[in-house]
Amino acid sequence: MKKIQISGELSRRQWMGVAAGGLVAGLVPFAGWADNRNMTVVNRRQTVTSPLAITAITGKKVVVVGAGMAGMTAAKYLRMWGGKGLEVTLVEPDALYTSSIMSNLVLNGSRTIAGLQFSRDTLTQRYGVVRKAGTVVSVNRSAKTVGLADGSSLPYDRLVLAPGVSFDNAYGLTQTDYNTRTPHAWRGGAQTTLLRQQITTMQNGEIFVMTIPKAPYRCPPGPYERACVVADHLKTSGRGNCQVIVLDENPNVQAERHTFETAFTGLHASVIRYIPNVTGIQIDPASKVVTYVDAVGGTQVINAKVVNPIVPHRAVGSETGGWLAQAGLNNSADGRWAMVNVLSYESTLLGAEGIHIIGDASSCGMPKAGHVANQEAKICADAIVRLMTGAQPDAQPVANSACYSPITANSASWLTAVYQYDPTDRRMKVANSGGQIMVNGVAATATEAASVSQENFKDMGTWFTTLMKDTAA
Ligand SMILES: Cc1cc2nc3c(=O)[nH]c(=O)nc-3n(C[C@H](O)[C@H](O)[C@H](O)COP(=O)(O)OP(=O)(O)OC[C@H]3O[C@@H](n4cnc5c(N)ncnc54)[C@H](O)[C@@H]3O)c2cc1C
């Protein structure tokens with residue numbers, strides 16, 4: 001136990017040190033935490049060669065649901081920090097993980113879906129995570145079991161839910177439309193490939209329409225990044241008279257505002273038309289006619305060639321009758337997200353003790369992003385290990401987020417922020433590099449790149465590789 005507390009203290013200092021240093025090329029700051037923590041164990045015990053810590057935990061079971069950015073990280077670090085006495089079962093239906101991060105670069109042909117797929121085998125082989133192929137369809141809080149679609153159930157002492165997001169039927173569209181005619185492609189996979197194919201068929205002069213839902217949504221800069229990548233691709237493939245029309249339900253650009261406003265009014269001004277404050281979107285999936293109400297109440301009609309509706313999303317299972325909803329865990333005011341205590345990511349629902357929700361499905365004050373999901377998973381894993389050894393979760397968690405956005409096929413910008421626990425609101429909030437949430441009465445904000453560059457693009461590749469290695473290997 002003592003070992004863990006000492007390591008925890010080191011990790012927090014290291015994290016803030018990185019924050020003070022700003023964004024370092026390709027660095028995933030928290031990745032170093034885990035390794036150092038493990039190193040601490042190895043150095044102190046000298047004889048330990050396994051990547052698993054030696055702890056007092058015996059005979060405990062954690063079930064992790066969803067092996068995406070959050071779930072894979074949680075499973076790995078629960079084993080690494082909890083040790084052999086902590087059995088971790090990871091439930092996931094898909095054989096491989098397909099990253100959404102970098103999937104916008106599939107649209108211009110510079111990456112492939114196959115190149116964004118990751119095996120989870122190392123989690124089993126190196127860390128002893130038990131994998132269970134399946135889909136969770138129920139949570140029984142009193143029996144402490146999860147039910148799977150195949151009729152089996154798994155018992156747990158603690159449960160970590162990391163199922164990501166599902167997409168509403170919206171704007172007159174259905175899930176079948178997303179899969180076959182009007183892909184949202186907001187989860188990397190077959191829809192990304194379909195959208196790529198549709199863009200490939202566009203002729204000069206035709207229109208690509210994309211929509212952005214009201215925040216919070218997955219990856220705040222992602223839609224604006226997609227607009228830039230598609231515009232750049234159309235221009236550089238001889239289709240510079242095409243238009244990319246961005247219909248945003250928000251009042252303005254939601255992340256990296258300087259970067260994207262500069263790109264929309266400068267570099268990509270001849271192709272991108274950005275329209276904020278849009279309401280009443282309706283899409284005909286057959287004709288690709290899009291109608292919407294503009295900021296002054298006028299109804300507008302666009303005849304598009306390709307429509308990419310990034311529709312409103314929510315925690316998987318939070319829809320009426322869904323498994324998360326039936327367990328009462330979708331307890332945000334709008335019923336879309338799981339509210340959590342950000343010291344442990346345990347649900348705030350009374351009677352749901354021992355159930356933790358991480359990644360995009362939860363609401364914690366930080367953006368819905370893969371880098372953040374990785375961080376939440378580690379805070380959660382640390383808290384579970386502490387709780388299982390009779391201690392309390394870290395009272396001052398710190399997390400960081402880095403996001404790179406390609407603006408063309410070979411240039412990018414970035415956004416980074418350090419988040420700190422605010423005990424008044426009990427949420428994670430952006431801190432400045434000195435670790436303060438408020439500076440002279442003004443809320444600290446995330447930092448974005450001063451300019452778009454090829455160097456940033458190179459760093460982006462390193463950052464992604466490092467993040468995925470820390471998550472899945
Ligand atoms: C175009 C795009 C670009 C992005 N770029 C970035 C970026 O640059 N940086 C960044 O940090 N983030 C980025 N993101 C966001 C990032 O991909 C997500 O925030 C991240 O994947 C969330 O992780 P998660 O684990 O919550 O969900 P996911 O990664 O989606 O994983 C959820 C997993 O749960 C599984 N699952 C679902 N339901 C069940 C169930 N009932 N039972 C069992 N398993 C289940 C799913 O199969 C899936 O494997 C981007 C997203 C998009 C769409």
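When a ligand or atom number is given, it counts from 1 through the structure's own listing order. All of these numbers come straight from a predicted model, not from anything done at the bench. In this chain, residues are counted from 1 in sequence order.
Electrostatic pairing of Lys214 and Asp334 does not count as a salt bridge here, judged by no charged N lying under 4.0 Å from a carboxylate O. Look at Arg257 and Asp248 and you find no salt bridge, because none of the NZ, NE, NH1 or NH2 atoms lies under 4.0 Å from a carboxylate O. Ion pairing of Arg386 with Asp382 is present here, as a side-chain N (NZ or NE/NH1/NH2) and a carboxylate O approach within less than 4.0 Å.
Proximity of Lys132 to ligand 1, defined as any heavy-atom pair under 4.0 Å, is not found for any part of the residue. Using a 4.0 Å cut-off between heavy atoms, Tyr97 contacts ligand 1 through its side chain alone, with no backbone atom that close. Only the side chain of Ser103 comes within 4.0 Å of ligand 1, counting heavy atoms alone; its backbone N, CA, C and O stay farther away. Under 4.0 angstrom from ligand 1, the non-hydrogen atoms of Asp360 come from both its backbone and its side chain. When heavy-atom distances to ligand 1 are checked against a 4.0 Å cut-off, Met69 comes that close through both its backbone and its side chain. Under 4.0 Å from ligand 1, not a single heavy atom of Tyr217 appears.
With contacts defined as side-chain heavy-atom distances shorter than 4.5 Å, the pair Trp414/Thr447 qualifies.
The residue from Leu90, Ile355, Val65, Ile358 that alone fulfils the side-chain contact (heavy atoms from CB on, under 4.5 Å) condition with Val160 is Ile358. When each of Arg218, Arg314, Arg336 is tested with Val165 by the rule side-chain contact (heavy atoms from CB on, under 4.5 Å), just one qualifies, namely Arg218.
The closest approach between Ser99 and ligand 1 stays at or above 4.0 Å for every heavy atom of the residue. Residue contact annotation: Gln375 has no non-hydrogen atom under 4.0 Å from ligand 1. A heavy-atom separation below 4.0 Å is found between Trp323 and ligand 1.
Inclusion of Asn104 in the set of residues having an N or O under 3.5 Å from an N or O of ligand 1 is not warranted.
Rounding to the nearest 0.5 Å places OG of Ser318 at 6.5 Å from CG of Leu324.
Close approach of ligand 1 to Pro93 (heavy-atom distance below 4.0 Å) involves ligand atoms 43 (C), 44 (N), 45 (C). Using a 4.0 Å cut-off to heavy atoms of Asp94, the atoms of ligand 1 that qualify are 47 (O). Here is the list of ligand 1 atoms found below 4.0 Å of a heavy atom in Val136: 40 (C), 41 (N), 42 (N), 43 (C). Atom numbering of ligand 1 starts at 1 in the shown order; those under 4.0 Å from a heavy atom of Gly164 are 26 (O), 27 (O), 32 (C). Set against the non-hydrogen atoms of Cys403, the atoms of ligand 1 under 4.0 Å away are 7 (C), 8 (O), 9 (N).
Classification of the Trp337-His313 ring pair by plane angle, with boundaries at 30° and 60°, yields perpendicular. Using the six-membered ring where Trp is involved, Phe118 and Phe464 have ring planes that are perpendicular, over 60° apart on the 30 and 60° scheme.
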